[in-house]
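Heads up, the thing below is written out as structure tokens.
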Amino acid sequence: MKVYFVGAGPGDPELITVKGRRLLEEADVVIYAGSLVNPEILKYARPEARLYNSASLTLEEVLAIIREAVSEGKRVVRLHTGDPSLYGAIQEQMDALESLGIPYEIVPGVSSFAAAAAAVKREFTLPGVSQTVILTRRTGRTPVPAGENLPDLSRHRASLCLFLSSRDLEAATAELALGYGNETPAAVVYKASWPEERVIYGTLGNIAAKSREAGIERTALLLVGDFLSGPYRRSCLYNPNFSHGYRKGEKSGG
Ligand code: SAH
């Protein structure tokens with residue numbers, strides 16, 4: 001019996017994948033990251049399924065639950081918020097399962113950075129503005145490797161999405177302003193896709209103060225970059241003068 005690592009999505013219970021929902025409906029044991037997974041999503045599980053909140057568990061305890069359940073032939077879902085590949089601490093779980101000889105599979109999910117872009121109704125990759133998205137965090141108890149510090153990353157002026165840093169926004173925005181400048185548009189998206197979703201707009205110079213005044217302390221992303229407003233070039237993809245594999249342009253060489 002395989003263990004499934006399932007991305008729960010950013011919060012809205014309809015933003016889990018069809019496959020993730022099916023696996024939850026079939027599960028005997030669900031171990032969920034209780035600090036962020038919307039409890040509404042747990043309603044997909046059968047009433048008799050055993051639910052464990054991993055917020056208060058160690059890696060060893062999570063593994064013990066998985067091991068026991070698998071040995072009893074139970075179906076296990078390990079539910080992570082957003083997409084499991086980002087800040088999910090799943091590598092150590094997968095490697096442990098590997099060494100225990102327990103098969104597993106990962107079901108991706110909608111990351112909160114995608115839900116945040118949906119909330120602000122902006123595209124990260126605007127032609128002539130930025131074709132790169134930086135997903136990062138500020139250094140905290142988990143260190144960030146040298147070369148990935150915010151002042152260095154800010155020099156690319158790419159579209160940027162900062163995780164896990166809502167309490168450090170003053171310091172983070174000061175560091176980012178070194179490369180982007182204080183006037184670059186910024187937004188804080190709190191609980192993207194939840195009923196209590198909120199978006200605060202500003203610039204790198206004032207977004208930290210605005211966010212603090214709004215009382216936002218957790219479950220938020222900082223978006224930074226000119227993609228949030230302002231001019232951009234029209235795409236080549238849908239330009240009538242541009243030919244590509246699926247459509248011939250009106251003018252040759254466009
Ligand atoms: N794997 C997750 C990220 C987990 S790290 C994903 O793909 O989204 C936890 C951080 O993600 C939080 O501190 C916050 O910065 C961000 N986050 C998670 N869900 C969020 C949401 N619905 N809205 C805004 N930020 C969110």
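Side chains are part of it too, since the values below use all heavy atoms of this structure and drop only hydrogens, waters and symmetry mates. All values reported here derive from a predicted model rather than from experimental measurement.
One side chain, Y104 or E98, offers a donor N or O that lies under 3.5 Å from an acceptor on the other.
Residues D12 and W194 fail the side-chain proximity criterion, which asks for heavy atoms closer than 4.5 Å. Contact annotation: the side chain of L162 never approaches that of V224 to less than 4.5 Å [non-hydrogen atoms, C-beta and beyond]. Contact check for E68 versus V29: no side-chain heavy atoms found under the 4.5 Å cut-off. Counting heavy atoms from C-beta on, the side chains of S166 and E217 never come closer than 4.5 Å. Side-chain contact between L57 and I65 is present, with heavy atoms from C-beta onward closer than 4.5 Å. In this structure, the side chains of R22 and T17 stay at 4.5 Å or more apart for every pair of heavy atoms. No side-chain heavy atom of T142 sits less than 4.5 Å from a side-chain heavy atom of Y87. The shortest distance between side-chain heavy atoms of S235 and F242 does not fall below 4.5 Å.
Contact detail for I216 and A220: the closest heavy-atom pair is CG2-CB, 3.7 Å. Scanning all heavy atoms of the two residues, the minimum distance from G225 to Y180 falls at CA-CE2, 4.4 Å. Of all heavy-atom pairs spanning F227 and V129, the tightest one is N-CG1, 3.7 Å. When every heavy atom of V6 is checked against every heavy atom of G20, the shortest pair comes out as CG1-CA, 3.7 Å. The shortest non-hydrogen separation linking N182 to A177 is OD1-CB, 3.5 Å. Considering all non-hydrogen atoms of both residues, S130 and A158 come closest at OG-CA, 3.5 Å.
Residues L222 and L150 share a single hydrophobic cluster, defined by chaining ILVMFWY side chains whose heavy atoms lie under 4.5 Å apart. Linking Ile, Leu, Val, Met, Phe, Trp and Tyr residues whenever their side-chain heavy atoms come within less than 4.5 Å places L59 and L97 in a single cluster. Put simply, L223 and L204 are part of two different groups of oily side chains (I, L, V, M, F, W, Y) that touch within less than 4.5 Å, one to the next. Residues V110 and L23 do not share a hydrophobic cluster, defined by chaining ILVMFWY side chains whose heavy atoms lie under 4.5 Å apart. Linking ILVMFWY residues whenever their side-chain heavy atoms come closer than 4.5 Å, directly or via other members, leaves I31 and V77 in distinct clusters.
Using the six-membered ring where Trp is involved, F5 and H80 have ring planes that are parallel, under 30° apart on the 30 and 60° scheme. Between F113 and F163, the ring planes are perpendicular. Angles over 60° get that label, and only those under 30° would be called parallel.
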Let me see the working for R167 and R218 under side-chain contact (heavy atoms from CB on, under 4.5 Å), right down to the final yes or no. CA-CA 7 Å; R167 292 205 179 103; R218 58 196 303 271; 4.3 Å; yes
Using the rule given for side-chain contact (heavy atoms from CB on, under 4.5 Å), can you reason through R67 versus I102, listing the C-alpha separation, both sets of side-chain angles and the distance that settles it, and then say yes or no? CA-CA 8 Å; R67 241 177 128 162; I102 297 175; 4.1 Å; yes
Would K43 and E40 satisfy salt bridge (charged side-chain N to carboxylate O under 4.0 Å, His left out), going step by step from the backbone distance to the final call? CA-CA 6 Å; K43 293 188 180 159; E40 288 293 310; 3.0 Å; yes
Any chance you could lay out the salt bridge (charged side-chain N to carboxylate O under 4.0 Å, His left out) test for R75 and E26, step after step, and finish with the verdict? CA-CA 7 Å; R75 285 163 295 197; E26 292 171 358; 5.1 Å; no
Apply the test side-chain contact (heavy atoms from CB on, under 4.5 Å) to residues N53 and Y32: give CA-CA distance (whole Å), side-chain angles for both, the deciding distance (0.1 Å), then the verdict. CA-CA 5 Å; N53 181 351; Y32 64 98; 3.4 Å; yes
Evaluation steps, side-chain contact (heavy atoms from CB on, under 4.5 Å), between N149 and V144: CA-CA 7 Å; N149 61 69; V144 171; 5.8 Å; no
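Put simply, the side chain of D83 never gets that close to the backbone of S111: no donor and acceptor are under 3.5 Å apart. Here the side chain of R198 pairs a donor or acceptor atom with the backbone of A214 at under 3.5 angstrom. Put simply, the side chain of E175 never gets that close to the backbone of A172: no donor and acceptor are under 3.5 Å apart. Counting only distance, with no hydrogens or angles, the side chain of S193 and the backbone of A115 share no donor-acceptor pair below 3.5 Å. N206 places a side-chain N or O within donor-acceptor distance of the main-chain N or O of T203, the cut-off being under 3.5 Å. Side chain of K210 to main chain of Y201: a donor-acceptor pair is present (N/O by atom type, distance under 3.5 Å, no hydrogens or angles). Y44 places a side-chain N or O within 3.5 Å of a backbone atom of P13 that can act as its donor or acceptor partner. In terms of modelled atom types and a separation under 3.5 Å, the side chain of S211 and the main chain of I207 share no donor-acceptor contact.
How far OG of S229 is from CZ of R122: 6.5 Å, rounded to the nearest 0.5 Å. Expressed to the nearest 0.5 Å, how far CG of L164 lies from OG1 of T139 amounts to 11.5 Å. C161 SG to F124 CZ: the interatomic distance, rounded to the nearest 0.5 Å, is 5.0 Å. The line from OG of S159 to CG of L135 is 10.5 Å long, rounded to the nearest 0.5 Å. One finds the CD atom of Q131 at 8.0 Å from the CG atom of L126 (value rounded to the nearest 0.5 Å). Between atom CD1 of residue I106 and atom NZ of residue K2 there is a gap of 10.0 Å, rounded to the nearest 0.5 Å.
Counting only residues at least two apart or in different chains, salt bridge (charged side-chain N to carboxylate O under 4.0 Å, His left out) contacts with residues 139-166 comprise R157-D226.
The environment of E14 atom CD is sparse: at most 12 non-hydrogen atoms of other residues, nucleotides or ligands sit within 6.0 angstrom.
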